[in-house]
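Some notes on the structure that comes next.
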Amino acid sequence: MSKQEKTEVLSAPEQPRDRERYEAQRIEQKWFDRWQEQPEMYRAEPATSARKKYYVLEMLPYPSGALHMGHVRNYSIGDALARFMWMKGYNVLHPMGWDAFGLPAENAALKNNTPPREWTLNNVENMKRQMKRLGFSYDWNTEVTTCLPDYYRWNQWFFLKFYERGLAYRRKSKVNWCPECATVLANEQVVNGCCWRHEETQVEQRDLEQWFFRITDYAEELLRDIEKLEGWPEKVRTMQRNWIGRSEGAQVEFRVADSEEKITVFTTRIDTIFGATSLQLAPEHPAVSRLIGNDPELLTKLDAIVDEQRRAREAGTIGETEKHGFFTGAYAINPFNQEKLPIWVANYILMEYGTGAIMSVPAHDERDYEFAKKYDIEIRIVILPRRHEESRPEEATLPYTAMDSLLINSSEFSGLGNQEAIQKMTRHAEEKGFGKGTVTYRLRDWGISRQRYWGTPIPMLYCEKCGIVPVPEKDLPVLLPDNIEITQQGGSPLARVPEFVNAKCPKCGGKARRETDTMDTFVDSSWYFYRYTNAKLATAAIDSKAVSYWFPIDQYIGGVEHAILHLIYSRFWTKVMRDLGLIKNSEPVERLFTQGMVIKNGAKMSKSKGNVVSPDDMVGRYGADSTRVYALFAAPPDRDLDWQENGVEGVSRFLAKVHRLVTRYAALQNAKSAAGDGRPSGRVSSSVARDLERKLHQTLRRVSTDFEGRWHFNTSIAAIMELVNAISAADSQIVSGEVSPQQVRLMLRDLVLMLAPFAPYISSELWENLGERSQLLRESWPKFDPELAREEEIEIPIQINGKNRSRIIVPAGLPEADVQARALADEKIHALLEGKSVVKVIVVPDKLVNIVAR
RNA sequence: GCGAAAGUGGCGGAAUUGGCAGACGCACCAGACUUAGGAUCUGGCGGGUAAAACCGUGAGGGUUCGAGUCCCUCCUUUCGCACCA
């Protein structure tokens, strides 16, 4: 049976013209149906495979209801890469899952009276349908849904392991509380001091008992290992460094005069301690109340500062408020010189950083300077620039903070360079027992308790006799009850389910109360990518063997908004898993890529702006291929992308052109081979044929190097468009047979192969039209031949004094001297140089000639 | 305030190392084919000119035979951090 006959069996009685028409919906539906019948198609080989592995991962979405364009862009990048790596012969793991716990499900439940579970799983179904329709090559056998017990039970298991190691602990802490929602809010859900859902409602700070993970134990390693993350964007590495915020310094203990009280300050500049002229405490510092006693005036002032700080913190304006404070009436003794320093309370001191107390050195710290100026506190200069004879700091140059300076007025330390002084003075403090060198981090322990329903129950019990008791491993999972009424009442919803709350103590058998808080959803996403490697494993959280084959993740792709939280938690979790002996790697992700946002009319897509473009709409109108190709073509993937619908239309026209060409020439060839005509000569003969061959190999080169290097898929696609334009321009030579049918065929094959990572539907269709029956995904990526890609003749400009004056055509690689001779011999140039003297001729081989003349 | 990235036609963007600025696409204009066109094909398309010259990559300086690209000063936009002691 000839190929032509086959085609006709498949697509019934069509006219040739019709067959060339690109019907995206029909083609996509056809392949969609076929792919549905092959669920194993995107399945990776098992971890025992000898093939080189490649793990490409896109950040799993929250099942909010429907995909948005940001998702489509993210997954189009990942899918192009996954398909490319498959074609390069790698064993590719390309999974997808759902970050399915979280507050929106509860809000939706309130609004529509749908249980969170049902709402979430419906959304999952819909979004999975969208992903499949878009043709993303996910292996759905490894799907992970975090709200299902077979996943979250391992969150609970990890929690127990953390608890055993002292990495999970409970303490009282401040939380954001929305009185309207009657729940705790995450920091991200507080917008300008108000609840994100109730924009009029001020968020309150409440003290609650909370569970924490001791991420600060890993602060040092998390910081150090950032150096190893060479495949991460520098921006993300910097953000993580700042977030951890390591600073080296010393703690110094000050006695309070006429009291038992001692106040420890943290400073990075112990070298300036002789310049300290007061102590400043955070308003919430525990010593404050003891120092001011019940002086009503001071108490009022204190309350005002506490209040002000809280509001500034909520509004995000902390740092902008004018500095002020009050004198407590008490004095502290500087342990270095026994001087009495007044103790103040100041609004610019934060309880959560360092020790919540500082020594104030107005001469050498901007903030202290501002404060001292306001309250007329003494300003004492104790360091000077090294060449201080010439530049003794005047009042106007204060505060003077340079690290390269000399100490003065500092007793026996005077004359030391300040680096040396820091060391000596720290040692002095240690020897005398009133201080020590120490390191402080900005990073706080990770508070994971949420007073919400839709999350992983924390597997802990409170026994009247035994206190805090972990749920035994064998009793996991602690199931989230289904039959719960979501209301706006206060407290954890689970606390209102007696069957859940009331339990037996596993230690003494007595009455116990279950923990009713659930875990932060960032717990779910901290380790999900390990689960993908053996998602159905029932006996353990992860399959260590599979993990050691697949990890680290070769390429992780997602939005930059996760640069800190998700990615730092994931790194932390990995290190803990390593210390638990579960895995060998210390970092989860080898290379990270952060794609730009999708915007429309210059603004981020949002419902309130009314500029949302729905993927379903795009797919319905132009097809998945056009939507995907446009998402990659409109901008380089790391930059923001401005969505323009007629751009999608342009891409669709391009695909239609490809479809027309390939289908037409495939039919032509079939006709020729049926007629025994057009047997290839094997050699490319005509110049048009040679030009096409060169263009093909240049295109292959550009697309291949873009995949391996810069990921500028916009230029890859532009290159393919150029190739298609070139083929189309050679139409008459192709039809006439001047370009051999064999060459045309090979060229079309390569064209389709190059398009395959970007536009899987049309590529599969055209592959079939070319008479191929193999699975496109497993075809090997075409190699380019540098010899064939080489230009033979190059047109180069000739400049006189940097201005283009003529052009000549020279053979590629012509020696400089010959190029120069030809340039000078050029008629136009010759005429223009009349009466001038040539000073110098610069020849850039294969690029240009510049004649410097006077 | 600190840090990072970016600024190129009417628009999205190209120019990987200092070497023809504006690839590719959109929009627009003219034409061809057509009963029809939101299909397809051909040509044009930074400003300027009859054509040239000339001008042109946020602004101003500099280095160089040559600068979108390197250096200095400044402006604008976006993002991140922000009383971190």
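- Side-chain contact check for A:Ser360 and A:Asp365: no donor-acceptor pair (N or O, by modelled atom type) lies under 3.5 Å.
- Here, B:G58 and B:G68 have their P atoms 10 Å apart, quoted to the whole Å.
- Comparing B:C71 with B:C79, their P atoms are spaced 26 Å from each other, to the whole Å.
- A donor-acceptor contact closer than 3.5 angstrom is absent between the side chains of A:Asn611 and A:Lys604.
- The glycosidic torsion of B:G9 lies within 90° of 0, placing the base in the syn range.
- Regarding A:Trp243, its CH2 atom lies at a distance of 12 Å from the C1' atom of B:A82, rounded to whole Å.
- Comparing the C1' positions of B:C33 and B:C45 gives a spacing of 23 Å, expressed to the nearest Å.
- Residue A:Gln799 has its side chain nearest to B:C20 when only B:A27, B:C20, B:C83 are considered.
- The residue A:Arg805 sits close only to the backbone: its heavy atoms come under 4.0 Å of sugar-phosphate atoms, none of a base.
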Write down the protein N/O and nucleotide N/O pairs, taken from nucleotides 9-15 of chain B, whose separation is under 3.5 Å; answer none if there are no such pairs.
residue	atom	partner	partner atom	Å
B:C11	O2'	A:Gln644	NE2	2.8
B:G12	O2'	A:Ala634	O	2.7
B:G13	O3'	A:Asn714	ND2	3.3
B:A14	OP1	A:Asn714	ND2	2.9
B:A14	OP2	A:Arg639	NH2	3.3
B:A15	OP1	A:Arg710	NH1	3.4
B:A15	OP1	A:Arg710	NH2	2.8

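- With C1' as the reference atom, B:U78 and B:G9 are 23 Å apart, rounded to whole Å.
- At a cut-off of 3.5 Å, with distance as the only test, a side-chain donor of A:Asp368 or A:Tyr348 sits close to an acceptor on the other residue.
- Using modelled atom types, one finds no donor on one side chain facing an acceptor on the other under 3.5 Å when comparing A:Glu722 with A:Gln698.
- Checked against the 6.0 Å centroid threshold, A:Phe434 and A:Phe336 count as a close aromatic pair.
- Atom C1' of nucleotide B:A53 and atom NZ of A:Lys828 are separated by 14 Å, given to the nearest angstrom.
- Base-pair partner of B:U57: not found among the strands shown (Watson-Crick or G-U wobble, both distances under 3.5 Å).
- Look at A:Arg241 and A:Glu234 and you find a salt bridge, because one of the NZ, NE, NH1 or NH2 atoms lies within 4.0 Å of a carboxylate O, short of that distance.
- Between A:Arg241 and B:G3 there is no side-chain polar atom (N or O) within less than 4.0 angstrom of OP1 or OP2.
- The only option from A:Phe707, A:Phe593, A:Phe633 that meets the ring-ring contact (aromatic ring centres under 6.0 Å, His included) definition with A:Phe713 turns out to be A:Phe707.
- With a 3.5 Å ceiling on both atom-pair distances, the Watson-Crick or G-U wobble partner of B:G7 is B:C75.
- Checking B:C26, B:C65, B:C20 against every side-chain atom of A:Lys840, the shortest atom distance belongs to B:C65.
- At most 12 heavy atoms of other shown residues, nucleotides or ligands fall within 6.0 angstrom of atom NZ in A:Lys847.
- Side-chain nitrogen and oxygen atoms of A:Lys803 include at least one within less than 4.0 Å of the OP1 or OP2 phosphate oxygen of B:C55.
- Rounding to whole angstrom units, CE of residue A:Met721 and P of B:G25 are separated by 6 Å.
- Counting heavy-atom neighbours within 6.0 Å of A:Glu322 CD, excluding the residue itself, gives a total of 12 or less.
- Taking atom CG of A:Asp846 as the reference point, atom C1' of B:U17 lies 15 Å away to the nearest angstrom.
- Among the protein residues, A:Ile717 comes within range of no part of the nucleic acid, since none of its heavy atoms lies under 4.0 Å from any strand.
- For the residue pair A:Asn804 / A:Gln799, a side-chain donor-acceptor distance below 3.5 Å is found, with atom types taken as modelled.
- Distances shown here put every side-chain N or O of A:Thr705 at or beyond 4.0 Å from the OP1 or OP2 atom of B:U16.
- With a cut-off of 3.5 Å on both pairing distances, B:A39 has no Watson-Crick or G-U wobble partner at all.
- Closest to the side chain of A:Asn804, from the set B:G19, B:G25, B:C20, is B:C20.
- Here the separation of B:U17 from B:A51, taken at their C1' atoms, is 38 Å to the nearest Å.
- Judged by Watson-Crick or G-U wobble contacts below 3.5 Å, the nucleotide B:A27 has no partner.
- Comparing the C1' positions of B:G43 and B:U35 gives an interatomic distance of 26 Å, to the nearest angstrom.
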Which pairs, protein N/O on one side and nucleotides 37-46 of chain B N/O on the other, fall under 3.5 Å?
residue	atom	partner	partner atom	Å
B:U40	O3'	A:Arg660	NH2	3.3
B:C41	OP1	A:Arg660	NH2	3.3

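- Between A:Ile796 and A:Phe266, the residue whose closest nucleotide on RNA chain B is further toward the 5' end is A:Ile796.
- Counting only N and O atoms by type, the side chains of A:Gln280 and A:Ser278 include a donor and acceptor under 3.5 Å apart.
- Base pairing annotation: B:A67 forms no Watson-Crick or G-U wobble pair, as no partner gives both donor-acceptor distances under 3.5 Å.
- A donor-acceptor contact under 3.5 Å is formed by the side chain of A:Asn850 with the base of B:C65.
- Atom pair A:Gln698:CD and B:C24:C1' shows a separation of 15 Å (rounding to whole Å applied).
- Searching all strands for a Watson-Crick or G-U wobble partner of B:U16 with both distances below 3.5 Å returns nothing.
- In this structure B:A52 sits in no base pair that meets the Watson-Crick or G-U test at under 3.5 Å.
- The residue among A:Glu308 and A:Leu848 whose nearest nucleotide of RNA chain B is located toward the 5' end is A:Leu848.
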Between A:Arg621 and A:Glu645, is the salt bridge (charged side-chain N to carboxylate O under 4.0 Å, His left out) condition met? List the steps. CA-CA 11 Å; A:Arg621 247 186 288 172; A:Glu645 193 160 327; 2.4 Å; yes

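- On the C1' atoms, B:G22 is 11 Å away from B:G56, given to the nearest whole Å.
- The gap from the P atom of B:G47 to that of B:U57 amounts to 15 Å, rounded to the nearest Å.
- Closest contact between the side chain of A:Ile349 and the listed nucleotides B:U16, B:A85, B:C55 involves B:A85.
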